[in-house]
Colleague: 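Just passing along the structure, written as structure tokens.
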Protein chains: 2
Amino acid sequence: MDPVVQLDLSVDRSSPVPLYFQLSQQLEAAIEHGALTPGSLLGNEIELAARLGLSRPTVRQAIQSLVDKGLLVRRRGVGTQVVHSQVKRPLELSSLYDDLEAAGQRPATKVLVNTAVAASAEVAAALGVPEGGEVHRIERLRLAHGEPMAYLCNHLPPGLLDLDTAQLESTGLYRMMRAAGITLHSARQSIGARGAGPAEAERLGETEGAPLLTMRRTTFDDTGRAVEHGDHTYRPTRYSFEFQLLVRP
Amino acid sequence: MDPVVQLDLSVDRSSPVPLYFQLSQQLEAAIEHGALTPGSLLGNEIELAARLGLSRPTVRQAIQSLVDKGLLVRRRGVGTQVVHSQVKRPLELSSLYDDLEAAGQRPATKVLVNTAVAASAEVAAALGVPEGGEVHRIERLRLAHGEPMAYLCNHLPPGLLDLDTAQLESTGLYRMMRAAGITLHSARQSIGARGAGPAEAERLGETEGAPLLTMRRTTFDDTGRAVEHGDHTYRPTRYSFEFQLLVRP
DNA sequence: CAGTGGTCTAGACCACACA
DNA sequence: GTGTGGTCTAGACCACTGT
């Protein structure tokens, strides 16, 4: 039988951090460094609440947040268990710049184009602006260790952001948006593949017809406004999309 | 100013369906068919609870589930608003079979291989079985309208499932797993691209070196056990990965 | 300031799993 | 049966937003 684990848990009621959050952090940390081993039972919620001097709904809220992260599983009539597998993070709205930086690849960006243009039909539809209306176009080449990894073409609605070329070369677009107070909310993505055309091959240092990984994405903020439409091509020998999924219960 | 909408909401206390779920379904339906327009305010929770004869936590639970789906946004001091954009579904653990069926493409499957084999190092590591130990190997060709769309190679731990060839040809692997009482929980995926080798090109009706979309995935059930490892190749002219993402709040 | 969501309490009854 | 999570109530106070 799986053991019921006794943990050293406590909450600080004078802290501004919500109690449920303090608890979920402690539980997550316990799972992280092995104090709660995979498969172990958490002990029932009532008893846990009594031990911490919390109400049951508060304890439930803490546990629920970890269930949502995929770290715990609840079974009615059984209990709450630590999931065995190493669930890391569900897919997030990732930024290539952040991905590369996290991998220690010291990303570099070369801005090829940074100008206002008339919106094509596709861009206009994606951004919700009139066709032929003004939008901002950015073309960038992303490099790691001096090697081209991806060609990024983005369009943004006019006036959304101050698109300084120097800033674009030193950080990622999403970071600039967040810094400008834009709350990213959702994105619609499409990932595919195709053979490289002559210009693409040249830009990325590939041969014509070489397989390329493509990603098209429209990103929305929390008011539902489209804030960015991107058309990216990646060298598949240098980059692939990796992510963890959770099944919606 | 955005209008506060008055809706015709009600709950049935004699129903076995949870009250919060009844409410969230009605709200979702109202958003779906436009009774709640994007940007409109939902009205405060206390008043909504009073109107329905529910407690505030119950109403909050209903609203929270829609916030989690990305349909609503809460702002402290402001209220709860319907998101403007058409958020459909966050990425789920999708099955190619279901994807094709949903697109009305009448998928067909040809089972090429269905046998026990010794686990390669990669498969053994993915499934958590000893290298060289017995695993089950399935190779399938997925067709739509008689045209090959994808080549699917999967490995499963031994004895997990009764892998009937006829059943494999008439439905998808995930459906068979769910029908066998396996609760899918999470998956780790990697999507990339490469040029087709001679055998792959032959199988999919492509020429050698043609770009192919690749997906490698390991799926886990809710006990953390790996239940499947797949290595799939898709014809990019016929298939791409489309999904909606929500930003982690 | 008033109004909103964010957090929290101390109980209650029910449905399901397992022995 | 017993024990678990699932749902629900009727309040409370706090933090933030916008006027």
Colleague: Could you check whether P16(A) gets within reach of a base, just the sugar-phosphate, or nothing at all, counting any heavy atom under 4.0 Å?
Modeller: nothing

Colleague: Can you figure out which of dC8(D), dA17(C), dT7(D) approaches the side chain of R13(B) most closely?
Modeller: dC8(D)

Colleague: Return the value, rounded to whole Å, for the distance between atom CG of L23(A) and atom C1' of dC8(C).
Modeller: 14 Å

Colleague: For the pair made of CG in D222(B) and C1' in dG5(D), what is the distance, rounded to whole Å?
Modeller: 15 Å

Colleague: Give one of base, sugar-phosphate or nothing for R56(B), where a contact means two heavy atoms less than 4.0 Å apart.
Modeller: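 Base, at least one base atom sits under 4.0 Å.
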
Colleague: Using the closest heavy atom to pick a nucleotide of DNA chain D for each, name whichever of P57(A) or G79(A) lands nearer the 5' end.
Modeller: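 Looking at DNA chain D, the more 5' nearest nucleotide goes with G79(A).
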
Colleague: Just the rounded figure in Å: distance from P of dT9(D) to CZ of R60(B).
Modeller: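 Distance check: R60(B) CZ to dT9(D) P gives 15 Å.
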
Colleague: Do the side-chain N or O atoms of R75(A) get closer than 4.0 angstrom to the phosphate oxygens (OP1, OP2) of dA17(C)?
Modeller: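 No, no such contact exists.
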
Colleague: What is the distance, to the nearest angstrom, from the CD1 atom on I63(B) to the C1' atom on dC8(D)?
Modeller: 16 Å

Colleague: From the list dT7(D), dA10(D), dG5(C), which nucleotide is the closest neighbour of the side chain of T80(B)?
Modeller: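 Closest of the options to the side chain of T80(B): dG5(C).
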
Colleague: Could you give the CZ-to-P distance, from R74(B) to dA15(D), as a whole number of Å?
Modeller: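 Result: 19 Å.
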
Colleague: With a 4.0 Å limit, can you tell me whether N44(B) has a side-chain N or O closer than that to the phosphate oxygens OP1/OP2 of dT4(C)?
Modeller: yes

Colleague: Sub-3.5 Å donor-acceptor pair from the side chain of D222(B) to the main-chain atoms of V73(A), do we have one?
Modeller: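 Here the side-chain-to-backbone pair does not exist.
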
Colleague: Where the side chain of R76(B) is concerned, which of dG6(D), dA10(D), dT4(C) is the nearest nucleotide?
Modeller: dT4(C)

Colleague: Checking base pairs now: Watson-Crick or wobble, both atom distances under 3.5 Å. What partners dC8(C)?
Modeller: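 Checking every strand shown, dC8(C) finds its partner in dG11(D), with both distances under 3.5 Å.
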
Colleague: Which residue lies toward the 5' end of DNA chain C, V78(A) or F21(A), if each is placed at its nearest nucleotide?
Modeller: F21(A)

Colleague: Distance only, no hydrogens: is a donor on one side chain within 3.5 Å (strictly under) of an acceptor on the other, for N154(A) and R140(A)?
Modeller: yes

Colleague: Give the rounded distance in Å between these two atoms: CD of E45(A) and P of dT9(C).
Modeller: 14 Å

Colleague: Heavy atoms from C-beta onward define the side chain here; which of dT7(D), dT9(D), dG5(C) lies closest to that of Y20(B)?
Modeller: dT7(D)

Colleague: In whole angstroms, how far is the C1' atom of dG11(C) from the CD1 atom of I46(A)?
Modeller: 10 Å

Colleague: Whether the D231(A) and H155(A) side chains hold a donor-acceptor pair (N or O, under 3.5 Å, no angle test) is what I'd like checked.
Modeller: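 There is no such pair (donor and acceptor under 3.5 Å, judged by atom type) between the side chains of D231(A) and H155(A).
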
Colleague: Using a 4.0 Å heavy-atom cut-off across all strands, classify L19(A) as base, sugar-phosphate, or nothing.
Modeller: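 If one applies the 4.0 Å heavy-atom cut-off, L19(A) turns out to touch the sugar-phosphate alone, with no base involved.
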
Colleague: From CD of Q61(B) over to P of dG6(C), roughly how many Å is that when rounded to an integer?
Modeller: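 Nearest whole value for this atom pair: 15 Å.
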
Colleague: Please determine whether side chain to side chain donor-acceptor pair (under 3.5 Å) holds for the pair D221(B) and T183(B), giving the CA-CA distance in whole Å, both sets of side-chain angles, and the decisive distance to 0.1 Å.
Modeller: CA-CA 5 Å; D221(B) 74 0; T183(B) 307; over 6 Å; no

Colleague: Ignoring hydrogens and angles, tell me if any N or O in the side chain of Q81(A) forms a donor-acceptor pair with the backbone of L72(A) under 3.5 Å.
Modeller: no

